[in-house]
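Take a look at the structure below.
Chain letters run A, B, ... following the sequence lines, proteins first and then strands; every chain starts at 1. The figures that follow rest on heavy atoms only: side chains count, while hydrogens, waters and symmetry mates do not. What you are looking at is a predicted structure, and each value in this text was computed from that prediction instead of being measured.
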Amino acid sequence: MAKKIRLSARVLSENDRAAADLARQFDKARVFVPNLMSSPGAGKTTLLEETARRLGKELRLAAIEGDLATDRDAERLRRAGIPTHQINTGGGCHLSAVQVAEALTRFNLEDLDILFIENVGNLVCPAEFDLGEHARVVLASTPEGDDKPIKYPIMFHAADCVVLNKIDMEQAAGFSREAFRGFVRELKPDVPILELSCRTGDGMDRWIDWLRQRREAVSRGEDRRCV
Amino acid sequence: MHEVALAEAVWRQVDAAMAGQKGRVSAIQIVVGAFSGADPESLEFALRLAAEDSAWPKADIRIRREPLAVRCKACGREFEPEHLSFRCPACGETDAEICRGKSLLLESLEVTEDGEEDPA
(Lines give C-alpha, C1' and ligand atoms only; values in the text may rest on other atoms or scores of the structure.)
Protein backbone atom coordinates (compact mmCIF):
# COMPACT_ATOMS: atom_id res chain seq x y z
CA MET A 1 0.00 0.00 0.00
CA ALA A 2 1.26 3.41 -0.90
CA LYS A 3 1.04 5.84 1.95
CA LYS A 4 0.02 9.46 1.43
CA ILE A 5 1.81 12.17 3.39
CA ARG A 6 -0.04 15.48 3.46
CA LEU A 7 2.27 18.48 3.61
CA SER A 8 0.47 21.54 2.18
CA ALA A 9 3.85 23.30 2.32
CA ARG A 10 4.43 26.52 0.46
CA VAL A 11 6.98 25.89 -2.27
CA LEU A 12 8.53 29.27 -1.44
CA SER A 13 8.74 28.60 2.29
CA GLU A 14 12.59 28.73 2.28
CA ASN A 15 12.48 32.16 0.67
CA ASP A 16 9.65 33.28 2.97
CA ARG A 17 11.67 32.41 6.07
CA ALA A 18 14.72 34.30 4.80
CA ALA A 19 12.47 37.26 3.87
CA ALA A 20 10.90 37.35 7.34
CA ASP A 21 14.39 37.53 8.82
CA LEU A 22 15.30 40.41 6.47
CA ALA A 23 12.10 42.25 7.38
CA ARG A 24 12.98 42.02 11.07
CA GLN A 25 16.44 43.47 10.39
CA PHE A 26 15.01 46.32 8.27
CA ASP A 27 12.41 47.14 10.93
CA LYS A 28 14.98 47.07 13.73
CA ALA A 29 17.38 49.38 11.91
CA ARG A 30 14.43 51.55 10.80
CA VAL A 31 15.74 51.68 7.27
CA PHE A 32 13.14 52.04 4.51
CA VAL A 33 13.53 49.33 1.85
CA PRO A 34 11.74 49.67 -1.49
CA ASN A 35 12.02 46.83 -4.02
CA LEU A 36 12.09 48.23 -7.58
CA MET A 37 10.78 45.97 -10.31
CA SER A 38 10.25 46.55 -14.03
CA SER A 39 11.02 45.16 -17.45
CA PRO A 40 14.57 45.75 -18.74
CA GLY A 41 15.06 49.32 -19.93
CA ALA A 42 12.15 50.97 -18.11
CA GLY A 43 14.61 53.19 -16.22
CA LYS A 44 15.17 51.71 -12.75
CA THR A 45 18.84 52.69 -12.61
CA THR A 46 18.19 56.14 -14.07
CA LEU A 47 15.44 56.71 -11.51
CA LEU A 48 17.89 55.90 -8.72
CA GLU A 49 20.58 58.17 -10.23
CA GLU A 50 18.10 61.04 -10.35
CA THR A 51 16.91 60.19 -6.82
CA ALA A 52 20.51 60.41 -5.57
CA ARG A 53 20.84 63.84 -7.18
CA ARG A 54 17.78 65.09 -5.29
CA LEU A 55 17.97 63.21 -1.98
CA GLY A 56 21.63 62.24 -1.62
CA LYS A 57 22.56 65.20 0.58
CA GLU A 58 19.50 64.87 2.80
CA LEU A 59 19.27 61.10 3.36
CA ARG A 60 21.78 58.26 3.55
CA LEU A 61 21.07 56.07 0.52
CA ALA A 62 22.42 52.69 -0.56
CA ALA A 63 21.44 50.06 -3.11
CA ILE A 64 21.53 46.37 -3.83
CA GLU A 65 21.61 45.84 -7.56
CA GLY A 66 20.48 42.62 -9.23
CA ASP A 67 21.54 41.79 -12.77
CA LEU A 68 22.07 38.65 -14.80
CA ALA A 69 25.64 39.75 -15.57
CA THR A 70 28.04 42.74 -15.40
CA ASP A 71 28.27 45.45 -12.75
CA ARG A 72 27.57 48.31 -15.15
CA ASP A 73 24.45 49.48 -13.27
CA ALA A 74 26.20 49.27 -9.88
CA GLU A 75 29.00 51.43 -11.34
CA ARG A 76 26.45 54.01 -12.49
CA LEU A 77 24.91 54.16 -9.01
CA ARG A 78 28.30 54.45 -7.31
CA ARG A 79 29.17 57.33 -9.64
CA ALA A 80 25.88 58.95 -8.57
CA GLY A 81 27.08 58.67 -4.96
CA ILE A 82 25.05 55.63 -3.82
CA PRO A 83 27.10 52.85 -2.15
CA THR A 84 25.97 49.78 -4.10
CA HIS A 85 26.49 46.06 -3.89
CA GLN A 86 26.04 44.15 -7.14
CA ILE A 87 24.48 40.68 -7.16
CA ASN A 88 25.02 38.77 -10.40
CA THR A 89 22.34 36.12 -10.61
CA GLY A 90 24.20 34.26 -13.38
CA GLY A 91 21.08 33.72 -15.46
CA GLY A 92 18.62 33.77 -12.55
CA CYS A 93 15.60 35.91 -13.46
CA HIS A 94 14.93 37.31 -9.96
CA LEU A 95 16.58 38.15 -6.65
CA SER A 96 15.94 35.79 -3.75
CA ALA A 97 15.85 36.66 -0.06
CA VAL A 98 18.95 34.54 0.53
CA GLN A 99 20.91 36.56 -2.03
CA VAL A 100 19.79 39.82 -0.40
CA ALA A 101 20.78 38.47 3.03
CA GLU A 102 24.28 37.75 1.72
CA ALA A 103 24.50 41.26 0.25
CA LEU A 104 23.45 42.81 3.57
CA THR A 105 26.75 41.81 5.15
CA ARG A 106 28.28 44.65 3.05
CA PHE A 107 26.19 47.33 4.73
CA ASN A 108 25.73 48.69 8.20
CA LEU A 109 21.95 49.12 8.23
CA GLU A 110 22.06 51.47 11.23
CA ASP A 111 23.90 53.99 9.04
CA LEU A 112 21.25 54.06 6.30
CA ASP A 113 17.91 55.80 5.74
CA ILE A 114 16.87 54.11 2.49
CA LEU A 115 18.19 50.87 1.03
CA PHE A 116 16.95 50.40 -2.54
CA ILE A 117 16.74 46.92 -3.98
CA GLU A 118 16.91 47.10 -7.76
CA ASN A 119 15.58 43.75 -8.91
CA VAL A 120 16.48 41.93 -12.12
CA GLY A 121 14.64 43.45 -15.10
CA ASN A 122 11.65 41.13 -15.44
CA LEU A 123 7.91 41.67 -14.89
CA VAL A 124 7.05 38.06 -14.06
CA CYS A 125 9.43 36.19 -11.78
CA PRO A 126 10.42 38.77 -9.12
CA ALA A 127 6.75 39.19 -8.10
CA GLU A 128 6.84 35.88 -6.27
CA PHE A 129 9.93 36.38 -4.18
CA ASP A 130 9.45 38.34 -0.99
CA LEU A 131 12.66 40.19 -0.07
CA GLY A 132 11.47 41.57 3.27
CA GLU A 133 10.90 44.96 1.64
CA HIS A 134 8.52 47.63 2.97
CA ALA A 135 7.21 48.54 -0.48
CA ARG A 136 7.10 47.06 -3.94
CA VAL A 137 7.62 49.72 -6.56
CA VAL A 138 6.64 48.67 -10.07
CA LEU A 139 8.09 50.86 -12.79
CA ALA A 140 6.70 51.05 -16.33
CA SER A 141 7.65 53.36 -19.19
CA THR A 142 5.65 54.81 -22.07
CA PRO A 143 7.50 53.06 -24.95
CA GLU A 144 6.45 49.71 -23.46
CA GLY A 145 2.78 50.43 -24.20
CA ASP A 146 -0.13 51.41 -21.98
CA ASP A 147 -1.47 47.85 -21.58
CA LYS A 148 1.45 46.54 -19.49
CA PRO A 149 -0.68 46.29 -16.30
CA ILE A 150 -3.19 43.85 -17.78
CA LYS A 151 -0.44 41.85 -19.47
CA TYR A 152 1.38 41.44 -16.15
CA PRO A 153 -1.49 41.51 -13.63
CA ILE A 154 0.32 39.62 -10.88
CA MET A 155 3.15 42.13 -10.75
CA PHE A 156 0.85 45.17 -10.84
CA HIS A 157 -1.53 43.66 -8.29
CA ALA A 158 1.41 43.24 -5.91
CA ALA A 159 2.53 46.88 -6.33
CA ASP A 160 2.50 49.35 -3.42
CA CYS A 161 3.49 52.15 -5.79
CA VAL A 162 3.39 52.35 -9.60
CA VAL A 163 5.86 54.69 -11.31
CA LEU A 164 5.31 55.59 -14.96
CA ASN A 165 8.58 56.84 -16.49
CA LYS A 166 9.40 58.54 -19.82
CA ILE A 167 6.22 60.65 -19.94
CA ASP A 168 8.18 63.04 -22.20
CA MET A 169 7.97 60.30 -24.87
CA GLU A 170 4.25 59.75 -24.46
CA GLN A 171 3.20 61.16 -27.84
CA ALA A 172 5.97 59.52 -29.86
CA ALA A 173 5.13 56.19 -28.22
CA GLY A 174 1.38 56.54 -28.85
CA PHE A 175 0.81 55.98 -25.15
CA SER A 176 -2.41 56.90 -23.34
CA ARG A 177 -1.93 57.78 -19.67
CA GLU A 178 -5.69 57.60 -19.23
CA ALA A 179 -5.74 54.00 -20.49
CA PHE A 180 -2.73 53.07 -18.36
CA ARG A 181 -4.33 54.47 -15.20
CA GLY A 182 -7.55 52.62 -16.04
CA PHE A 183 -5.73 49.30 -16.40
CA VAL A 184 -3.92 49.80 -13.09
CA ARG A 185 -7.17 50.78 -11.32
CA GLU A 186 -8.90 47.63 -12.65
CA LEU A 187 -6.42 45.61 -10.59
CA LYS A 188 -5.64 47.88 -7.68
CA PRO A 189 -7.87 50.94 -7.21
CA ASP A 190 -5.92 52.73 -4.48
CA VAL A 191 -2.28 52.27 -5.48
CA PRO A 192 -0.40 55.57 -6.02
CA ILE A 193 0.53 56.14 -9.68
CA LEU A 194 3.45 58.55 -10.04
CA GLU A 195 3.96 59.84 -13.59
CA LEU A 196 7.37 61.30 -14.31
CA SER A 197 10.29 61.69 -16.65
CA CYS A 198 13.76 61.02 -15.28
CA ARG A 199 15.18 62.78 -18.34
CA THR A 200 13.31 66.11 -18.01
CA GLY A 201 12.73 65.92 -14.24
CA ASP A 202 9.00 66.45 -14.76
CA GLY A 203 7.04 64.76 -11.92
CA MET A 204 10.17 63.73 -9.97
CA ASP A 205 9.03 65.79 -6.96
CA ARG A 206 6.08 63.48 -6.29
CA TRP A 207 8.37 60.44 -6.27
CA ILE A 208 10.78 62.16 -3.90
CA ASP A 209 7.85 63.15 -1.64
CA TRP A 210 6.56 59.58 -1.64
CA LEU A 211 10.02 58.29 -0.64
CA ARG A 212 10.36 60.92 2.11
CA GLN A 213 6.94 60.12 3.57
CA ARG A 214 7.45 56.37 3.61
CA ARG A 215 10.97 56.73 5.00
CA GLU A 216 9.75 59.03 7.76
CA ALA A 217 7.06 56.56 8.78
CA VAL A 218 9.64 53.74 8.87
CA SER A 219 12.12 55.83 10.87
CA ARG A 220 9.39 56.61 13.44
CA GLY A 221 8.67 52.89 13.71
CA GLU A 222 5.13 53.36 12.31
CA ASP A 223 5.64 51.56 9.00
CA ARG A 224 6.76 48.07 9.93
CA ARG A 225 6.76 44.81 8.01
CA CYS A 226 6.62 42.74 11.20
CA VAL A 227 3.90 43.54 13.70
CA MET B 1 11.93 30.70 -15.96
CA HIS B 2 11.95 30.97 -12.18
CA GLU B 3 10.19 27.59 -12.35
CA VAL B 4 13.66 26.00 -12.23
CA ALA B 5 14.28 27.63 -8.83
CA LEU B 6 10.80 26.52 -7.70
CA ALA B 7 11.40 22.95 -8.85
CA GLU B 8 14.68 22.75 -6.93
CA ALA B 9 12.91 24.08 -3.82
CA VAL B 10 10.21 21.41 -4.20
CA TRP B 11 12.75 18.55 -4.28
CA ARG B 12 14.58 19.97 -1.27
CA GLN B 13 11.26 19.98 0.60
CA VAL B 14 10.53 16.41 -0.48
CA ASP B 15 13.95 15.36 0.84
CA ALA B 16 13.32 17.16 4.13
CA ALA B 17 9.93 15.48 4.54
CA MET B 18 11.45 12.06 3.82
CA ALA B 19 14.38 12.43 6.21
CA GLY B 20 14.28 9.44 8.56
CA GLN B 21 11.25 7.95 6.74
CA LYS B 22 11.17 4.50 5.20
CA GLY B 23 10.13 3.82 1.63
CA ARG B 24 10.49 5.78 -1.57
CA VAL B 25 8.53 8.64 -3.07
CA SER B 26 6.35 7.31 -5.88
CA ALA B 27 4.41 10.52 -6.53
CA ILE B 28 4.27 14.19 -5.57
CA GLN B 29 1.22 16.42 -5.81
CA ILE B 30 1.68 20.14 -6.49
CA VAL B 31 -0.99 22.87 -6.47
CA VAL B 32 -0.42 25.78 -8.86
CA GLY B 33 -2.73 28.77 -8.58
CA ALA B 34 -3.63 30.79 -11.67
CA PHE B 35 -2.35 33.91 -9.84
CA SER B 36 0.75 32.28 -8.34
CA GLY B 37 3.05 33.55 -11.06
CA ALA B 38 4.19 30.03 -11.93
CA ASP B 39 3.30 28.44 -15.24
CA PRO B 40 2.06 24.87 -14.60
CA GLU B 41 3.57 23.42 -17.77
CA SER B 42 6.97 25.06 -17.24
CA LEU B 43 6.93 23.94 -13.62
CA GLU B 44 6.12 20.36 -14.56
CA PHE B 45 8.94 20.38 -17.11
CA ALA B 46 11.37 21.84 -14.55
CA LEU B 47 10.26 19.31 -11.91
CA ARG B 48 10.91 16.40 -14.28
CA LEU B 49 14.33 17.73 -15.16
CA ALA B 50 15.26 18.35 -11.53
CA ALA B 51 13.89 14.92 -10.55
CA GLU B 52 16.72 13.29 -12.47
CA ASP B 53 19.20 14.78 -10.01
CA SER B 54 17.03 14.02 -7.00
CA ALA B 55 16.77 10.88 -4.89
CA TRP B 56 13.39 10.14 -6.52
CA PRO B 57 13.92 10.17 -10.30
CA LYS B 58 10.92 7.92 -10.99
CA ALA B 59 8.37 9.80 -8.90
CA ASP B 60 5.18 10.68 -10.70
CA ILE B 61 4.54 14.43 -10.83
CA ARG B 62 0.92 15.48 -10.47
CA ILE B 63 -0.13 19.08 -10.84
CA ARG B 64 -3.50 20.39 -9.74
CA ARG B 65 -4.47 23.81 -11.10
CA GLU B 66 -6.29 26.20 -8.82
CA PRO B 67 -8.41 28.82 -10.62
CA LEU B 68 -8.42 32.47 -9.56
CA ALA B 69 -11.37 33.56 -7.41
CA VAL B 70 -11.82 37.01 -5.88
CA ARG B 71 -14.33 38.65 -3.57
CA CYS B 72 -15.62 42.17 -4.21
CA LYS B 73 -14.91 44.33 -1.17
CA ALA B 74 -17.91 46.54 -1.94
CA CYS B 75 -20.73 44.01 -2.32
CA GLY B 76 -19.16 40.72 -1.20
CA ARG B 77 -19.81 38.89 -4.47
CA GLU B 78 -17.31 36.10 -5.16
CA PHE B 79 -16.38 35.60 -8.81
CA GLU B 80 -13.75 34.17 -11.15
CA PRO B 81 -12.37 37.17 -13.05
CA GLU B 82 -12.37 37.07 -16.82
CA HIS B 83 -9.17 38.28 -18.51
CA LEU B 84 -7.80 38.94 -15.01
CA SER B 85 -9.85 42.12 -14.61
CA PHE B 86 -11.11 42.48 -11.05
CA ARG B 87 -14.22 44.49 -11.97
CA CYS B 88 -17.19 43.02 -10.11
CA PRO B 89 -19.90 41.72 -12.47
CA ALA B 90 -22.55 42.63 -9.88
CA CYS B 91 -21.71 46.17 -8.76
CA GLY B 92 -18.91 47.32 -11.10
CA GLU B 93 -16.35 48.08 -8.37
CA THR B 94 -12.75 46.96 -8.91
CA ASP B 95 -11.60 46.67 -5.31
CA ALA B 96 -11.43 42.93 -4.76
CA GLU B 97 -9.47 40.59 -2.55
CA ILE B 98 -8.10 37.31 -3.81
CA CYS B 99 -9.62 34.30 -2.07
CA ARG B 100 -8.13 31.53 -4.23
CA GLY B 101 -5.53 31.23 -6.95
CA LYS B 102 -2.31 32.35 -5.27
CA SER B 103 -1.36 28.90 -4.00
CA LEU B 104 1.93 27.31 -4.87
CA LEU B 105 2.04 24.25 -2.67
CA LEU B 106 3.69 20.91 -2.25
CA GLU B 107 0.40 19.34 -1.23
CA SER B 108 1.32 15.71 -0.61
CA LEU B 109 3.68 12.83 -1.24
CA GLU B 110 2.88 9.25 -2.02
CA VAL B 111 5.34 6.89 -0.42
CA THR B 112 5.70 3.24 -1.42
CA GLU B 113 7.39 0.70 0.85
CA ASP B 114 10.47 -0.96 -0.66
CA GLY B 115 9.69 -4.09 -2.65
CA GLU B 116 6.15 -2.94 -3.47
CA GLU B 117 4.90 -2.27 -6.93
CA ASP B 118 3.98 1.30 -7.84
CA PRO B 119 0.25 1.77 -7.31
CA ALA B 120 -0.13 3.23 -10.79
Let me know if [X] has heavy atoms under 4.5 Å from chain B in its side chain, its backbone, both or neither.
| X | value |
| --- | --- |
| A:D190 | side chain |
| A:E128 | side chain |
| A:A127 | neither |
| A:F183 | neither |

Distance from [X] atom [atom1] to [Y] atom [atom2], nearest 0.5 Å?
| X | Y | atom1 | atom2 | value |
| --- | --- | --- | --- | --- |
| A:R185 | B:D95 | CZ | CG | 11.0 Å |
| B:S108 | A:R6 | OG | CZ | 5.5 Å |
| A:I5 | B:I28 | CD1 | CD1 | 12.5 Å |
| A:L12 | B:H2 | CG | NE2 | 7.5 Å |

Does anything in residues 65-76 of chain B get under 4.5 Å of chain A by heavy atoms, and if so which residues? none

Chain A-proximal positions within residues 31-40 of chain B [heavy-atom distance under 4.5 Å]: B:A34, B:F35, B:S36, B:G37, B:A38

Might you confirm whether atom [atom1] of [X] has over 12 heavy atoms from other residues, nucleotides or ligands at distances under 6.0 Å?
| X | atom1 | value |
| --- | --- | --- |
| A:R106 | CZ | no |
| A:Q171 | CD | no |
| A:R177 | CZ | yes |
| A:E178 | CD | no |

Output yes when A:K3 and B:E110 qualify as a salt bridge under the 4.0 Å nitrogen-oxygen rule, no when they do not. no

Check whether any side-chain heavy atom of [X] lies under 4.5 Å from a side-chain heavy atom of [Y], and answer yes or no.
| X | Y | result |
| --- | --- | --- |
| B:L106 | A:R10 | no |
| B:I98 | A:H157 | yes |
| B:L105 | A:V11 | no |

Checking B:E107 against chain A: side chain, backbone, both or neither under 4.5 Å from a heavy atom?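 Answer is both: backbone and side chain atoms of B:E107 are under 4.5 Å from chain A.
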
With a 4.5 angstrom heavy-atom cut-off, could you sort out which part of B:Q29 is near chain A: side chain, backbone, both or neither? neither

Which one wins on heavy-atom pair count under 4.5 Å against chain B: A:L7, A:V124, A:I150, A:N15?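 Answer, by heavy-atom pair count under 4.5 Å with chain B: A:L7.
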
Does any N or O in the side chain of B:T94 come within less than 3.5 Å of the main-chain N or O of A:L187, such that one atom is a donor and the other an acceptor?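 No; zero donor-acceptor contacts below 3.5 Å.
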
